[in-house]
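This chain uses plain numbering: 1 for the first residue, then up along the sequence. The basis for the numbers below is simple: all heavy atoms, side chains too, and nothing from hydrogens, waters or symmetry mates.
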Amino acid sequence: MKHARIGVLAAMAVAALTLTSCAGGSAPTDDGGGGDAEAAAVTDVSIVVPADPGGGWDQTGRALSQVLTEDDIVSSAPVTNVGGAGGTVGLAQLANEKNPNTLMVMGLVMVGAVETNASAVRIEDTTPIARLTDEPLVVVVPADSKYDTLEDLVEDIVDNGQSVTITGGSAGGADHILAGLMLEEAGLDEAEIAEKLNYTPNSGGGEAVPLLIGGKVSAGISGVGEFAQHVESGALKALAVSSEEPVEQLPDVPTITEEGYDVVLTNWRGVIAPGGISDGAKDELVRVITELHESAAWTEQLETKGWTDAFLVGDEFDEFLTGNIEEVTATLKNIGLVQ
């Protein structure tokens, strides 16, 4: 069976696309020419979370802000939420951002949302700064659900289609992709997946929790960190995690592969800056994020939230991002989420 892996991928040697270039007119350079001129040391950054409060991107943005300021890496790092369309509303706003010291949280969800929303502004139009974290997903159901195993849930979707509702993050994001991949592994083709998968997108795990606890949906998919506390409290029941191995936060929950579906999918998150900033401005932002990554406070955030350290900067992140965009686009086509 196919083993789907979209998360921390091996860096791919790709020459066709240089992600550090940008669409014309995105944002002015701070040296007027976009060359190698040194930029002034960054003392303040603006953090944009292209989602509503409560989800994984919001948690990431606020963790960044907290560590950057409490460790005196920068003086201020205010967080602004700009929700909508899997992050593509925020991405469009970033295209017009005049402040080069702006960091937008993004990741696998945005890669998929750009395709499913046919976004005019693409990630390739921005300046990649760093990949930060990697997190498995978890499939959950209400505590009193009739489903005791992942197979129970998947077989019910195969048999009863639209009557089984799954909620998760944005259309075309990691949660949606995972639902499609599991049905593909269950033997459904592209047309059958499109016909049977009843997926209700929302802004993240924070919005999904009341739908699940209230019995408004059959199942939910999100990052482990967004559902773990509700599983531990008994409000939700976890059926499987999407990593290769069981996760520390939910050690008794089997993997999707162990449940008979050969799918491994992890949700990475990182930060990008406006397109068109100078090389010096990019280097300064990379320096700031590297200092954050090396801090004990960031390590503590990773441990507390159950995030895996997946740090990449420079050419390695550029190449990873290029490869991830290509692979996600192909996967979305394979499971019928885009044409």
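Counting only heavy atoms from C-beta outward, the side chains of D44 and V74 never approach each other to under 4.5 Å. In this structure the side chain of L321 reaches within 4.5 angstrom of the side chain of M106, judged on heavy atoms. Put simply, the side chain of V271 does not reach to within 4.5 Å of the side chain of L285, judged on heavy atoms. Two residues are said to be in side-chain contact when any heavy atoms from C-beta on lie closer than 4.5 Å; I123 and T126 meet this criterion. Within the 4.5 Å cutoff, no side-chain heavy atoms of E97 are placed close to those of M104. V224 places none of its side-chain heavy atoms less than 4.5 Å from the side chain of V253. Within the 4.5 Å cutoff, the side chain of H176 has heavy atoms near those of the L197 side chain. Using a 4.5 Å cut-off on side-chain heavy atoms (C-beta onward), V241 and T255 make contact.
The closest donor-acceptor contact from the side chain of S242 to the backbone of L137 lies under 3.5 Å. Under a 3.5 Å cut-off, the side chain of K237 and the backbone N or O of Y147 do form a donor-acceptor pair. For the pair D58 (side chain) and P53 (backbone), a donor-acceptor distance under 3.5 Å is absent. Looking at S65, its side chain never comes within 3.5 Å of a backbone N or O of R62 through a donor-acceptor pair. Remark: the backbone N or O of L153 is not paired with any side-chain donor or acceptor of D156 at under 3.5 angstrom. Using modelled atom types, one side-chain atom of T116 and one backbone atom of A171 make a donor-acceptor pair closer than 3.5 Å.
Using a 4.0 Å cut-off between charged side-chain N and carboxylate O, E226 and K305 make no salt bridge.
Atom CG of D125 is separated from atom OG1 of T127 by 10.0 Å, given to the nearest 0.5 angstrom. Between E115 atom CD and T331 atom OG1 the span is 11.0 Å, to the nearest 0.5 Å. How far CG of L211 is from OG1 of T200: 8.0 Å, rounded to the nearest 0.5 Å. Here the CD1-CG distance, from I221 to L178, works out to 4.5 Å after rounding to the nearest 0.5 Å.
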R287 vs D283, salt bridge (Lys or Arg N to Asp or Glu O under 4.0 Å): CA-CA, chis, key distance, verdict: CA-CA 6 Å; R287 177 192 64 78; D283 290 345; over 6 Å; no
Check step by step if side chain to side chain contact (heavy atoms under 4.5 Å, CB included) holds for I166 and V217. CA-CA 6 Å; I166 299 179; V217 292; over 6 Å; no
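The aromatic rings of W268 and F317 stand perpendicular to each other, their planes meeting at an angle above 60°, with 30° marking the opposite boundary.
Residues S295 and L292 approach most closely at OG-O, 2.7 Å, considering heavy atoms. Between G306 and Q249 the shortest heavy-atom distance is CA-OE1, 3.4 Å. Residues Y199 and T167 share a closest heavy-atom pair of CE1-C, 4.2 Å.
For E300, the CD atom is loosely surrounded, since the number of other residues' heavy atoms within 6.0 Å does not exceed 12.
Considering I157, I193, V154 as possible partners of L188, the one that fulfils the side chain to side chain contact (heavy atoms under 4.5 Å, CB included) test is I193.
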